[in-house]
Amino acid sequence: MALVVQKYGGTSVADADRICSVARRIVDTYSEPNDVVAVVSAMGTGTDDLIALAEAVSDRSHPREMDMLLTAGERVTMALVAMAIQDLGVPATSLTGSQAGILTTGRHGRAEIVEIRANRVREGLDEGKVVIVAGFQGVDPDSKDVTTLGRGGSDATAVALAAALSADRCEIYTDVDGVFTADPRVVPGALKIDEVSFEEMLELASGGAGVLMPRSVEFGRRFGIPIHVRSSFHDGEGTWVKEETMEQAVVRGIAHDISEAKLTVYRVPDTPGVAASLFEPLADAGVTIDMIVQNVSQEGSTDISFTVPLAMLDVAEEVTKTVAEDVNAGGVSTDREIAKVSIVGIGMKTESGIASRMFRILADHDINIQMISTSPIRISCVIAEDRVSEAVSALHAGLELDGEALQ
Ligand code: ASP
Ligand code: MG
């Protein structure tokens, strides 16, 4: 009998009817027959609602209590799904992340899974039960406190559990048909991708494609677990995320992200150690940096720009201003209205001229590029946020992703 790990996202369990249809889908998979572990997210906008509630009660940060609060969202869903499955005549049991043995670091709000002791999950399966696990959460074995894995973390729970249990497949059920060549809300002609490599998916997810949490893709790659991203509303095939794909696309897809801001420090002395003196305290403050651009030095000083998540901007600004004063820099400016547009494809490793095509398309639309960064299979440009839809649409058409994919 195969072991299947399924994950159901918030929209798939948004109300009682949807919970019942998820229960039916789980029971169908169980009856094939398979062993089934289902990881569930909070219902609908449950997590956002809880965050709003916390903000209404307190404007201070309460990392531990926040995790206590947010883990409740997934806990509601797991119990309801287990009840609905039992009513269909199939034995089911629900487990919190902690009960499922998901051990994490102690960093509240962004904990990392360090180990999974899945014996209770295995016991449930051995007893012939469907095991429902609350996504996005675990426990720090030192403090015994519950933790959350960061937004979208149920994906990571599912893939990590699939790896720990050596599952035969991992299915991520969502409200879209799979991974698309661009966000279909921005580009109506975007196409569903049948297969994408872990490497490409990691770049797309990190570039802002919200369909999978980047860390879940990393787990998939590290443990060789193919991930099937598919719709919970019908039975059609979705997108397979796996090691090797049949076709090696030059450009597989486009991702965009409007959740970052840009900080620029002007006239930093161009001497050894200055970058370290800026980025060390930022790292200590837990700020994750994405792109960094340092200009050519002029008269012994240089400008450094970098991007940070909007959610960390306040801390980043504070630290940056302090460092700027310490090193006698010319000043600090902040731009919240930026967007990052990334094109991703494994074929870029061998095919030249893709960057220049991207820049030409943006130039023809009179869209200014503020920053550029690349990896062997990705090119990202920071542009003004109000031009992002136009940029994504223009690149999608110009790189022929709408049909005759550039191959
Ligand atoms: N409920 C959490 C969130 O909204 C985790 C998840 O759904 O993956 O981010
Ligand atoms: Mg998600």
Side-chain angles (χ1 to χ4, degrees), residues 5-15 18-19 22 37-55 63 66-81 94-98 100 102 104 107-113 132-139 146-162 170-180 183-185 196 201-202 204-220 227-233 238-239 241 255 257 259 309-311:
V5 174
Q6 301 184 327
K7 178 252 166 176
Y8 292 93
T11 30
S12 305
V13 291
D15 55 33
R18 290 195 184 163
I19 286 184
V22 160
V37 174
V39 174
V40 293
S41 287
M43 293 171 67
T45 57
T47 305
D48 292 321
D49 299 346
L50 291 173
I51 292 173
L53 203 51
E55 284 170 357
M66 201 65 191
D67 276 356
M68 288 299 265
L69 178 70
L70 295 189
T71 49
E74 273 59 21
R75 199 166 166 149
V76 168
T77 317
M78 73 176 195
L80 293 171
V81 171
S94 65
L95 298 173
T96 64
S98 162
I102 298 175
T104 71
R107 194 161 62 164
H108 287 293
R110 272 186 303 143
E112 288 183 30
I113 298 175
I132 314 296
V133 178
F136 161 71
Q137 55 183 274
V139 64
V146 295
T147 53
T148 61
L149 309 177
R151 298 308 305 266
S154 299
D155 294 339
T157 306
V159 184
L161 261 176
C170 181
E171 301 177 327
I172 304 283
Y173 285 94
T174 176
D175 55 348
V176 289
D177 288 352
V179 182
F180 280 73
D183 186 337
R185 287 167 300 190
V196 56
M201 192 63 229
L202 198 53
L204 287 169
S206 313
V211 64
L212 274 182
M213 189 207 205
R215 217 172 327 138
S216 70
V217 186
E218 250 168 55
F219 278 124
I227 305 170
H228 189 188
V229 182
R230 57 193 305 197
S231 168
S232 64
F233 302 128
T239 300
V241 188
D257 188 354
S259 71
L310 272 171

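Both counts, for ligands and for their atoms, begin at 1 and track the order of listing. None of the values given here were measured: they were computed from a predicted structure.
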- Query: Would one find an N or O of Lys7, backbone or side chain, under 3.5 Å from an N or O of ligand 1?
  - Reply: no
- State whether the shortest distance between N or O atoms of Arg151 and N or O atoms of ligand 1 falls below 3.5 angstrom. yes
- Task: Measure from the side-chain N and O atoms of Glu74 to the backbone N and O of Ala42, and report whether any donor-acceptor pair falls under 3.5 Å.
- Result: yes
- Query: Looking at atom 7 (O) of ligand 1, what's its closest protein heavy atom, distance included?
  - Reply: Ser41 OG, 2.9 Å
- Message: So for Gly135, does at least one of its heavy atoms come nearer than 4.0 angstrom to any atom of ligand 1?
- Response: no
- Item | atom 6 (C) of ligand 1 [closest protein heavy-atom partner, distance rounded to 0.1 Å] | Ser154 OG, 3.3 Å
- If you round to the nearest 0.5 Å, how far is CG of Leu53 from CG of Asp48? 12.5 Å
- Item | Side-chain donor/acceptor of Arg215 to backbone N/O of Gly150, under 3.5 Å | no
- Query: Would you say Phe136 and ligand 1 have an N/O pair spaced under 3.5 Å apart?
  - Reply: no
- Query: Do side-chain atoms of Ser94 reach the backbone of Ile132 as a donor and acceptor pair under 3.5 angstrom?
  - Reply: no
- Query: Hey, is Gly152 one of the residues with a heavy atom under 4.0 angstrom from ligand 1?
  - Reply: yes
- Please say which of Asp175, Thr45, Thr174 ends up in a side chain to side chain donor-acceptor pair (under 3.5 Å) with Thr11. Asp175
- Query: Will you find, in the side chains of Asp67 and Thr148, an N or O donor that is under 3.5 Å from an N or O acceptor?
  - Reply: yes
- Item | Met213 and ligand 1 - part of the residue with a heavy-atom distance under 4.0 Å | neither
